[in-house]
Amino acid sequence: MIQITFPDGSIREYPRGTTPLEIPQGISRNLAEAVLAASLNGETCDLTRPIMQDASLKLYKWEDAEGKHAFWHTSSHLMAEAIETLFPGTKFGIGPAIENGFYYDIDLGERVLTEAHLSEIEKKMTELARAGAPMQRREVSKSEALEFFTNKGDEYKLELIRDLQDGTISFYQLGTFTDLCRGPHLPGVAPIKAVKLLSIAGAYWRGDETRKQLTRVYGITFPKQKMLEEYLQMLEEAKQRDHRKLGKELELFMFSQKIGPGLPMWLPRGTQLRNRLESFLKKVQAGYGYDQVMTPHIGLKELWVTSGHYAKYGKDSFQPIHTPQEGEEFLLKPMNCPFHCEMYKSKPRSYKDLPVRMAEFGTVYRYEQSGELHGLTRVRGFTQDDAHIFCRPDQLKDEFCKVIDIIFRIFNALEFKEFVAQISLRDPDNKEKYIGDDESWDKAENAIIEAASEKGLRTTTVRGEAAFYGPKLDFMVRDAIGRKWQLGTIQVDYNLPERFDLEFTGADNQKHRPVMIHRAPFGSMERFVAVLLEHTAGKFPLWLTPDQVVVLPVSEKFSDYAKKVVGYLNNCDIRTLFDDRNEKIGKKIRDNELKKIPYLLIVGEKEEQSGTVSVRRQGEGDQGSMPLEEFAHFIQSEVTRQMEAL
RNA sequence: GCCGGUGUAGCUCAGUUGGCCAGAGCAGCUGAUUUGUAAUCAGCUGGUCGGGGGUUCGAAUCCCUCCACCGGCUCCA
């Protein structure tokens, strides 16, 4: 007998060789069916793997990431089997589970897979799933593995196997399809009830653009048809919230072929929105001792040589601008920090002056490959809500905490209720990749870790993800429909103070090197507005939205009263539009609802006589009528309440 | 940049295997209507069918090329 320890700490005895699957089978049939994968002593494994010695066991269901992972990984094998059946001779790259579903990279030789083939593959997958073949694992020696794929003629698998150690190699066989795979997998494909292949894309073998491009097929599967339907509905919802669609509909921003790809232009309403966000952040930052500055859009090449950006990114940037007479070379700025460093240097700094905090809404230009551009989230010209804090090493943690506070306020103000942060540290085994001495790094890393825990942040820590010049903390928010976006970032930098030879005079009358913090709570205005649009589906909070109220007279007879209402509200600093079109009231309501204006005021004979307005809240319908003054107070107090919460 | 897809009026989309002056709805303009909580009616305007080149008696439709956009790959100071 062996002893199995369960997550709740209980220990039970089972015969040696019992499989994880047999354990829930002894409890209830429902449980046994719901279990998808297991882990033994913390290592995930198949449910059919016999347990040979005492171990702690955890079972995973669909609700667990590990469960979904096994489900989708098995699905990718199922897809591969279907593809091999339909397209014999296909070679297979890798086919992992991903966050939402799975993919498989395949090489079809001369054949081209198009979207039209997807439903065919889906059908075959469903058919195979119904047949319910088991997933059979077997361990193979390296030479056996090489022989198998040599015979099959699959050079991709051979390349993968060559990198593996003998004795750790396993095959999984599903029906006619045998694949090199570590697992774990479901015991069989029967639980896969709903299949949807989503898209086809090119993907370089092993992510290397010098190597062959394979065809990547993305798909997703579920244990219930209904779950697939819900997922597709969610995708539809995401499409409705797409900031590119909403940005056009709400007339916030635009692109022009004539101006160039990746160069957004802010239309009047978008500009209003952005200005409001900027003033809000300026106000918050003023409270934290930031000084607002402005710097030019170009700087001499020498500046970027000094900063190190030229060496690292010069080839992949917009190329230098030359002056016609003097032959000077300027670069469009990809960052604001070198300018701020020069400003720091403009006068001697004492330890008493620090921290110096310079903030700038600085527009920067970065060359992005044409295939990379995407709405407002990936552009070639954008404005960072940038700031650089020059501080003493002993102030680092404190400054870090304050930046976290600012980010908290912003996320709260904009109703991002759920967010996590990632701490990126250097790779301890590759210290030579980084600039700065051990001691500074340790201090900075500890400062971040302590600041994050002091502020009660939910964090994940990733080693090896730091920038070469310092560790960083990145913020990820979850939007209203559960998608994750990376927004703000805080980064420690030892590199630039060194390169620009920044100094301050210490209490000891000696010169010291300040530490720099780069930080951008929004990240960029463009990206942030995109995320905010998708988060709110275009229904911005009242304080932020470009137009707060629109007045709709029931007919032209009440235009004069309506005009009075509009004038009164605008005088109260309530941003009010007037819809004086000669249309029926139903039509005006519909049009303005679609524009997502928060309040629609309907005025007719009754309202004119009593000096009231009939209030309709966007998306919520008729709210009844109230005196005009009362409505103005109501709006003002709603805005004040929102602003106070900021 | 690479793979695949898409490109018809300001917007959303029709346009059969190449064949009469290229269509619809919405928007816009003009007029009628004077409207009570998500689309009043009528008329009109608007497109060298993404750009260029080619095949053909004839091209939105077939071919080549360039551009932009979409889904990915890669990258993100």
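Naming: A, B, ... by sequence-line order, numbering from 1 per chain.
One atom, CH2 of A/W205, and another, P of B/rU74, lie 13 Å apart when rounded to the nearest Å. To the nearest angstrom, P of B/rA39 lies 14 Å from CG of A/L552. Following rounding to the nearest Å, A/K258 (NZ) and B/rC67 (C1') show an atom-to-atom distance of 13 Å. If you take OH of A/Y103 and P of B/rG71, they are 18 Å apart, rounded to a whole angstrom. Protein atom CD1 of A/I259 is 14 Å distant from nucleotide atom P of B/rA68, rounded to whole Å. Rounded to an integer number of Å, the gap from A/I98 CD1 to B/rC73 P is 8 Å. The distance between atom CG of A/L373 and atom C1' of B/rU74, rounded to the nearest whole Å, is 14 Å. Rounded to whole Å, atom P of B/rU12 lies 15 Å from atom CG of A/L594.
OP1 and OP2 of B/rU37 both lie 4.0 Å or more from every side-chain N or O belonging to A/Y599. Of the side-chain N and O atoms in A/H374, none sit less than 4.0 angstrom from OP1 or OP2 of B/rC69. In terms of phosphate contacts, A/K587 brings a side-chain nitrogen or oxygen within less than 4.0 Å of OP1 or OP2 of B/rA27. Proximity of A/R216 to the phosphate of B/rC2: no side-chain N or O atom is located under 4.0 Å from OP1 or OP2. At the phosphate of B/rU35, OP1 or OP2 sits under 4.0 Å from a side-chain N or O atom of A/K557. Residue A/R366 places no side-chain N or O under 4.0 Å from the OP1 or OP2 atom of B/rC75.
Within the 4.0 angstrom heavy-atom criterion, base atoms lie near A/E607. No contact: A/K588 has no heavy atom under 4.0 Å from any strand. Across all strands, A/R581 comes closer than 4.0 Å to no nucleic acid atom at all (heavy-atom distances). Residue contacts shown for A/P334 include a base, since a base heavy atom lies under 4.0 Å away. When heavy atoms are screened at a 4.0 angstrom cut-off, A/K312 is found touching no nucleic acid atom at all. The residue A/E249 sits apart from the nucleic acid: no heavy atom pair falls under 4.0 Å. Residue A/F468 is out of contact with every strand shown, counting any heavy-atom pair closer than 4.0 Å. Residue A/G604 is classed as a base contact, given a heavy-atom separation below 4.0 Å to a base.
Nearest nucleotide to the side chain of A/I589, out of B/rU37, B/rG71, B/rU40: B/rU37. The side chain of A/Y313 has B/rC76 as its nearest neighbour among B/rU40, B/rC76, B/rA68. Of all nucleotides listed (B/rU40, B/rG71, B/rU34), B/rG71 comes nearest to the side chain of A/A201. Distance from the side chain of A/I602 is smallest for B/rG36 among the nucleotides B/rU34, B/rG36, B/rG71. Checked against B/rU40, B/rU34, B/rC2, the side chain of A/Q213 finds its nearest nucleotide in B/rC2. Closest to the A/S370 side chain, of the nucleotides B/rA39, B/rU35, B/rG1, is B/rG1. Closest to the side chain of A/Q257, from the set B/rG72, B/rC67, B/rG1, is B/rC67.
Expressed to the nearest 0.5 Å, how far CG of A/L331 lies from OH of A/Y365 amounts to 13.5 Å. Here the straight-line distance linking atom CD1 of A/I602 with atom CZ of A/R616 works out to 6.5 Å at 0.5 Å rounding.
Counting distance only, with no hydrogens placed and no angle test, the side-chain atoms of A/Y204 and the base atoms of B/rG1 include a donor-acceptor pair under 3.5 Å. Side-chain atoms of A/E556 and base atoms of B/rU35 include no donor and acceptor less than 3.5 Å apart. For B/rC75, its base sits under 3.5 Å from the side chain of A/R378 at one donor and acceptor pair at least. Evaluation of atom-type donor-acceptor distances gives a pair under 3.5 Å for the side chain of A/E372 against the base of B/rU74. Side chain A/E368 to base B/rC76: no donor-acceptor pair is found below 3.5 Å.
Side-chain contact of A/S317 with A/Q319: a donor-acceptor pair under 3.5 Å is absent, judged by distance alone. A/T489 and A/D474 are linked by a side-chain donor-acceptor pair at a separation below 3.5 angstrom, with hydrogens and angles left out of the test.
A cation-pi geometry, defined here as NZ or CZ lying under 6.0 Å from the six-membered ring centre and within 45° of its normal, holds between A/K333 and A/F339. Because its NZ or CZ atom is both nearer than 6.0 Å to the ring centre of A/Y103 and within 45° of the ring axis, A/R216 counts as a cation-pi partner of that residue.
Qualifying salt bridge (charged side-chain N to carboxylate O under 4.0 Å, His left out) partners for A/E445, counting only residues two or more places apart in sequence or in other chains: none.
Residues from residues 469-477 of chain A lying near RNA chain B, meaning a heavy-atom separation below 4.0 Å, are A/Y469 in numerical order.
The aromatic ring centres of A/H117 and A/F87 sit less than 6.0 Å apart.
Summarising the base pairing, B/rG25 is matched to B/rC11 through a Watson-Crick or G-U wobble pair whose two defining distances lie under 3.5 Å. B/rC57 is paired with B/rG19 under the criterion used here, namely a Watson-Crick or G-U wobble arrangement in which both key atom distances are under 3.5 Å. Across all strands shown, B/rC76 forms no Watson-Crick or G-U wobble pair with both distances under 3.5 Å. Figure legend. B/rA68 is base-paired to B/rU6; pairs are counted as Watson-Crick or G-U wobble with both atom distances under 3.5 Å. Both distances falling under 3.5 Å, in either a Watson-Crick or a G-U wobble arrangement, place B/rU40 opposite B/rA32.
For the P atom pair drawn from B/rG10 and B/rG5, the interatomic distance equals 28 Å after rounding to whole Å. When the P atom is used for both B/rG1 and B/rU65, the distance is 15 Å, rounded to whole Å.
The residue among A/F255 and A/G586 whose nearest nucleotide of RNA chain B lies closer to the 5′ end is A/G586.
Residues A/R206 and A/E159 are paired through a salt bridge, judged by an N-O separation under 4.0 Å between the basic side chain and the carboxylate. A salt bridge is defined here as a Lys NZ or Arg NE, NH1 or NH2 lying under 4.0 Å from an Asp or Glu carboxylate O, and A/R499 with A/D493 fails to meet this definition. With salt bridges taken as basic N to acidic carboxylate O contacts below 4.0 Å, none links A/K484 and A/D479.
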